[in-house]
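Since the structure comes first, as structure tokens, the remarks are kept for the end.
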Amino acid sequence: MKKILTTLLLLLVSVQIFAQGEGSAVADTLAGSDKIYVVVTCVTLILLGLLIFLFSVERRIKKLEKKS
Amino acid sequence: MYKSWWKILGSVLVVYSTIAGFLFTVPPLPILHQSIRNLYFHVPMWFSMITLFSISVYHSVKYLRTNNEEDDLKSVQSINAGIVFGILGLVTGSVWARFTWGQAWSFDVKQNFAAIAMLLYFAYLVLRNAIDEEQKRAKISAIYNIFAFPMMVVLLFVLPRLSDSLHPGNGGNPGFNAYDLDSHMRMVFYPACAGWIMIGGWIYSILFRVASLEKKKLV
């Protein structure tokens, strides 16, 4: 009985190792709380802002090209 | 160059790849873990740089054939845009290396050669600024550019493969295609590359148009 119990206990210890192998802790936390969407929204906003800025710069150049 | 559909397409692809790059699943990888998502941002920088430098060589060859000042201007401005992407590639690469290889600069062959390739193009700009006479400047820098391009290709894609490198795909290290890049990642990686190349081309076209406007005003 004791032997079986220790075997089971040690098996439980090894379960932990499997759990670590499957998905990294970062992956769990990344998906765990939905806060990653906040970061995605911010990054997307910055990107969109920069792209809109590029479009506006181009519009200004177009005006200058028409003048010259 | 003046049409806007490919600029919108590039923007859409880049925005898509950024959102998907954060949210899509990635395969579980040792050491890299979630930082494999950097593949969608770090590698397209280099591809954009190489595309811009190729555009530059094309215009340098064209300049030597036609002696048209516009081609010279195009070749400089595409190098200017390419250098921005190259620096971004170096910096993002060092950040990624800091957290996966342990050091920002571990003197990995590809890192070193990428830095040398950047120096080659810095030298191009220095060479240009050192020559006052316009036609001579255009001709000499066009010839330099044509020689610098194959050097850059050799430094980035040939020499790192001959020795051990931490970068994948070098020195017997399997490339991303072999194991790591699964079909989920391809769905993000290829659009990311295409999108960033288009954005690079767009920035180059804006730089060129500003420079040619400046030139017109000077004359």
Side-chain angles (χ1 to χ4, degrees), chain A, chain B residues 1-37 40-41 77 81 84 88 99-100 192 195-196 198-219:
Chain A
M1 189 64 194
K2 233 182 191 175
K3 267 182 192 168
I4 296 167
L5 214 68
T6 36
T7 320
L8 275 175
L9 267 173
L10 285 173
L11 271 175
L12 276 175
V13 170
S14 67
V15 163
Q16 223 181 359
I17 296 161
F18 279 126
Q20 237 175 8
E22 253 173 32
S24 69
V26 187
D28 292 340
T29 43
L30 195 71
S33 70
D34 288 337
K35 293 289 189 288
I36 187 66
Y37 295 107
V38 181
V39 183
V40 174
T41 317
C42 283
V43 172
T44 314
L45 277 174
I46 290 170
L47 204 58
L48 280 175
L50 285 174
L51 289 171
I52 291 166
F53 172 68
L54 266 182
F55 272 111
S56 79
V57 166
E58 199 183 319
R59 207 171 304 136
R60 279 162 69 189
I61 294 170
K62 257 182 200 161
K63 265 185 198 164
L64 279 175
E65 277 170 341
K66 267 182 196 163
K67 265 187 199 167
S68 68
Chain B
M1 195 157 124
Y2 295 94
K3 289 213 174 83
S4 59
W5 66 266
W6 60 275
K7 293 160 191 167
I8 295 165
L9 178 66
S11 311
V12 169
L13 285 177
V14 162
V15 170
Y16 154 75
S17 73
T18 305
I19 296 171
F22 273 104
L23 297 180
F24 275 23
T25 52
V26 289
L29 295 168
I31 304 166
L32 284 166
H33 299 300
Q34 293 289 319
S35 83
I36 188 64
R37 292 177 196 276
Y40 309 136
F41 306 105
Q77 295 310 331
V84 172
L88 285 175
F99 294 101
T100 48
W196 281 110
M198 282 180 221
I199 297 291
W202 185 13
I203 290 170
Y204 144 66
S205 81
I206 286 177
L207 284 177
F208 163 69
R209 284 158 73 180
V210 168
S212 55
L213 276 173
E214 278 171 352
K215 203 161 205 181
K216 265 181 201 163
K217 265 199 175 162
L218 282 175
V219 173

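Keep in mind that the numbers below use all heavy atoms, side chains included, and drop hydrogens, waters and symmetry copies. What you see is a predicted model, and the numbers here were worked out from it, not measured in a lab. Here is how names work: the chains are called A, B, and so on, in the same order as the sequence lines, proteins then strands, and each is numbered from 1.
Note: B:R209 CZ to A:R60 CZ = 13.0 Å, rounded to the nearest 0.5 Å. Note that CZ of A:F55 and OG of B:S4 are 6.5 Å apart. Values are rounded to the nearest 0.5 Å. Between B:I203 atom CD1 and A:E58 atom CD the span is 11.5 Å, to the nearest 0.5 Å. Rounding to the nearest 0.5 Å gives a distance of 7.5 Å between CD1 of A:I61 and OG of B:S205. Here A:L64 contributes atom CG and B:K217 contributes atom NZ; the two are 6.5 Å apart, rounded to the nearest 0.5 Å.
At a 4.5 Å heavy-atom cutoff, the contact between B:I19 and chain A is made by backbone and side-chain atoms alike. Residue contact with chain B, scored on non-hydrogen atoms closer than 4.5 Å, involves the side chain of A:L47 exclusively. B:T18 touches chain A through its side chain: at least one heavy atom from C-beta onward sits under 4.5 Å away, while N, CA, C and O do not. Residue B:V26: no heavy atom, backbone or side chain, is found under 4.5 Å from chain A. For chain A, the nearby part of B:I199 is the side chain; its heavy atoms alone come within less than 4.5 Å.
Looking only at side-chain heavy atoms (C-beta outward), B:W202 and A:L51 come within less than 4.5 Å of each other.
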Pair B:F22-A:T44, side-chain contact (heavy atoms from CB on, under 4.5 Å): steps then yes or no: CA-CA 10 Å; B:F22 273 104; A:T44 314; over 6 Å; no
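Interface summary for chain A: among B:L23, B:I8, B:V210, the most heavy-atom pairs under 4.5 angstrom belong to B:L23.
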